[in-house]
Amino acid sequence: MNKKILLICPDFYDYKEKIEAELCERGYEVFSFNERPRRWVYTFVKRLLPNRLMHFFYDFYFLYYLGILENNYDEFLCIRGEVVSIKFLEKLRESNPNINSILYQWDSVNVTNFTRIMKYFDKVKTFDFEDSERFGLEYIPLFYGEEYYFDNLNNDLIYDLVYVGSFNNERYAVINEIKKCCESIGLKYYFHLYISFPDYVKLKFFSNLNVKKEDVKFNILTREDVVELNSKSRCVLDVENIKQTGFTMRTFETLATGRMLITTNKNINKLVDFKEQYFFMDRDNISLPDDVSSFSPKRSKAISSYSLKNWLERILS
C-alpha cells in the first residue's frame, strides 16, 4: 500500500503541481492543499480582520473547510505555512500520532515568521543562510524545473539581459539604475517588473515614490513566457529581496538554461561550481560585466544537483 502524504504548499506559478507530480512519481498517494485561501479572501482577512477574528477564520479554514482531517496520513510536508492554524497542527498530530512532519521554508523569517509553528514539526529546513545559522536548521537550496533544461542553448538570442519579477520599492530603484547602465553601453534588454494596478494607484497617489507607468507591468507572465524570454537572452538579472539571504528560484533556473546570472546576492560565491556563469553586482555600485553582449550560453553539469527530484530527495530525508 502506498504511503499517504499531506502536502500544504503555496499555489505559486505551477510549483505546487510540479511537487505533487514528483511525489506521485516517488509512489506516494498525495493529498494536496493550497497554503492559503484565494487571493481576495487572504487579502480581506489580512487587512480588515482583527487578529482574534483572523485566527478564528484560519482555525475554521484548516480544521473544517478544507476537509484535511477526513483522512489519515503517514507523512506531512508543509511549505512556508504562513497562515496554517496551530489548532489544526495539534489536531493533525493527535489524529496521526506517528506522522513524519517536515516544514520547509522558501521565505526568510524576516518575510514570513514561521517560528510560531516550528515546534509542531519533526524537522524544519530552510533555503535561507541566516535562518539556518540563527535557528540551527538544515540548509537546503531551492531547485529548477525541467523546462529550463532545454537543448538548444543558443536559440534566437535577441536580448543581452532580461528580468522578470515583482515590484518593491528597493528593487525598483536598483532596476532603474541597471536600465541606465544598459542604455549607456547599448545593451538590448527587457524588464518585466510586475505590480497590480490597485497597488500602482496607491503608490502613484498616496506615496512619495514616483513610479512611472512605463517602468512597470500589470500582467503576470506565464511560466512558458518566462522560459521563452530566458531562452532569448544571453544573461538573466536576479535582484533578490534584501530581507533574505538564500538563493532565489531564478538563480537555479538561470543556471539550468546556461545563461549568465547577474545577481545582487552577495552569497553567490558559495556556488563555486558555477563561477564562470555568474556575476555579482553591488547594489550600491551598479556595473555590468564586459561580456554581457558576447556571452555564449554554457551549462555546468553540476546543475543536475539542483533539480526538483534531488531537492525533494533532500527535503524528505
Side-chain angles (χ1 to χ4, degrees), residues 1-38 61-63 65-85 88-89 91-107 112 114 117-118 120-128 131-132 137-150 222-224 226-227 246-253 255-256 303-317:
M1 181 181 295
N2 293 350
K3 284 187 175 182
K4 295 181 179 180
I5 187 168
L6 169 63
L7 173 66
I8 294 180
C9 177
D11 192 13
F12 179 64
Y13 276 110
D14 58 352
Y15 293 128
K16 179 169 167 288
E17 289 75 16
K18 288 180 176 295
I19 294 169
E20 290 170 7
E22 190 60 41
L23 287 169
C24 289
E25 187 70 22
R26 293 174 65 90
Y28 285 102
E29 183 179 356
V30 181
F31 297 80
S32 179
F33 299 88
N34 291 345
E35 177 218 22
R36 62 192 192 191
R38 294 178 182 177
Y61 180 74
F62 283 98
L63 283 168
Y65 179 78
L66 294 178
I68 297 175
L69 297 174
E70 294 174 3
N71 294 290
N72 293 320
Y73 308 97
D74 300 293
E75 299 192 35
F76 172 32
L77 173 57
C78 180
I79 298 177
R80 195 169 63 177
E82 178 188 357
V83 297
V84 170
S85 160
F88 160 74
L89 294 174
K91 190 66 176 178
L92 179 67
R93 175 67 70 177
E94 180 183 323
S95 304
N96 303 267
N98 296 318
I99 196 170
N100 177 36
S101 58
I102 300 169
L103 175 65
Y104 180 73
Q105 288 300 324
W106 62 26
D107 278 340
T112 301
F114 57 86
I117 59 173
M118 282 175 56
Y120 299 97
F121 291 85
D122 299 310
K123 298 177 182 178
V124 182
K125 309 183 182 188
T126 180
F127 93 116
D128 193 86
D131 286 356
S132 176
L137 307 178
E138 182 180 355
Y139 166 74
I140 296 180
L142 285 164
F143 57 86
Y144 68 89
E146 288 301 319
E147 64 273 19
Y148 287 91
Y149 200 94
F150 43 75
T222 65
R223 171 61 60 80
E224 291 75 17
V226 176
V227 173
F247 300 125
T248 61
M249 200 84 75
R250 183 181 298 105
T251 298
F252 301 107
E253 290 169 346
L255 295 175
I303 191 59
S304 61
S305 298
Y306 300 94
S307 67
L308 171 57
K309 181 178 181 179
N310 287 328
W311 172 83
L312 198 54
E313 178 75 31
R314 291 192 288 269
I315 292 296
L316 297 176
S317 64

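For the pair D74 (side chain) and K4 (backbone), a donor-acceptor distance under 3.5 Å is present. E35 places no side-chain N or O within donor-acceptor distance of the main-chain N or O of I8, the cut-off being under 3.5 Å. Under the 3.5 Å distance criterion, the side-chain polar atoms of N96 are matched with a main-chain donor or acceptor of Y73. Using a distance-only test at 3.5 Å, with no hydrogens or angles considered, no donor-acceptor pair links the side chain of S132 to the main chain of D128.
Cation-pi geometry between R223 and Y15 is satisfied (NZ or CZ under 6.0 Å from the ring centre, within 45° of the ring normal).
Within the 4.5 Å cutoff, side-chain heavy atoms of L142 are placed close to those of W106. Side-chain contact check for F76 versus L92: some heavy-atom pair is nearer than 4.5 Å. Side-chain contact between R93 and S101 is present, with at least one heavy-atom pair separated by less than 4.5 Å. The side-chain heavy atoms of S317 and K125, taken from C-beta on, include a pair separated by under 4.5 Å. Inter-residue side-chain proximity for V83 and F62 is flagged as met; some heavy-atom pair is nearer than 4.5 Å. When side chains are defined from C-beta on, E253 does not count as touching V227, because their heavy atoms never get closer than 4.5 Å. Looking only at side-chain heavy atoms (C-beta outward), P37 and Y61 come within less than 4.5 Å of each other. Looking only at side-chain heavy atoms (C-beta outward), I102 and D122 stay at 4.5 Å or farther from each other.
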Report task. Please lay out, stage by stage, how Y104 and F127 fare under the test side chain to side chain contact (heavy atoms under 4.5 Å, CB included). Result -> CA-CA 8 Å; Y104 180 73; F127 93 116; 3.3 Å; yes
Query raised in the report: Do C9 and I19 pass the side chain to side chain contact (heavy atoms under 4.5 Å, CB included) test, and can you show the C-alpha distance, the side-chain angles, and the key distance before you say yes or no?
Result: CA-CA 9 Å; C9 177; I19 294 169; 4.2 Å; yes
Query raised in the report: Hey, mind stepping through Q105 and R80 against side chain to side chain contact (heavy atoms under 4.5 Å, CB included) and telling me if it holds?
Result: CA-CA 5 Å; Q105 288 300 324; R80 195 169 63 177; 3.9 Å; yes
Query raised in the report: Going through the checks in order, is the salt bridge (Lys or Arg N to Asp or Glu O under 4.0 Å) test met by K91 and E94?
Result: CA-CA 5 Å; K91 190 66 176 178; E94 180 183 323; 3.5 Å; yes
Report task. Go through the steps to decide whether M118 and L137 satisfy the test side chain to side chain contact (heavy atoms under 4.5 Å, CB included), and finish with yes or no. Result -> CA-CA 10 Å; M118 282 175 56; L137 307 178; 3.9 Å; yes
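Between L6 and the choices I68, V30, N72, the side-chain contact (heavy atoms from CB on, under 4.5 Å) rule is met once, by I68.
Interatomic distance, CG of L316 versus CD of E22, reported as 9.5 Å (0.5 Å rounding). Rounded to the nearest 0.5 angstrom, L312 CG and L77 CG are separated by 7.0 Å. S95 contributes atom OG, which lies 11.0 Å from atom CG of N71 (distance to the nearest 0.5 angstrom). One distance of note links CG of L103 with CZ of F121; it measures 4.5 Å at 0.5 Å rounding. With values rounded to the nearest 0.5 angstrom, L23 atom CG is found 12.0 Å from N2 atom CG. Interatomic distance, NZ of K309 versus CD of E146, reported as 9.5 Å (0.5 Å rounding).
Using modelled atom types, one finds a donor on one side chain and an acceptor on the other under 3.5 Å when comparing T248 with T251. When only modelled atom types and interatomic distance are considered, S32 and E20 share a side-chain donor-acceptor pair under 3.5 Å.
Annotation for P141 and Y306: closest pair CG-CE2, 3.7 Å, computed over non-hydrogen atoms. Shortest non-hydrogen contact noted between F114 and D131 is CE2-OD2, 3.6 Å. The two residues V84 and C78 make their nearest non-hydrogen contact at CG2-SG, 4.2 Å.
Aromatic ring centroids of Y148 and Y144 lie 6.0 Å or more apart.
Taking E313 as the reference, R26 meet the salt bridge (charged side-chain N to carboxylate O under 4.0 Å, His left out) condition, with sequence neighbours excluded.
Here E138 does not pair with K123 in a salt bridge; the nearest charged N to carboxylate O distance is not below 4.0 Å.
Relative orientation of the F247 and F252 rings is perpendicular, given thresholds of 30° and 60° on the angle between their planes.
By the 6.0 Å contact criterion, OH on Y65 is open, its count of non-hydrogen atoms from other residues, nucleotides or ligands being 12 or less.
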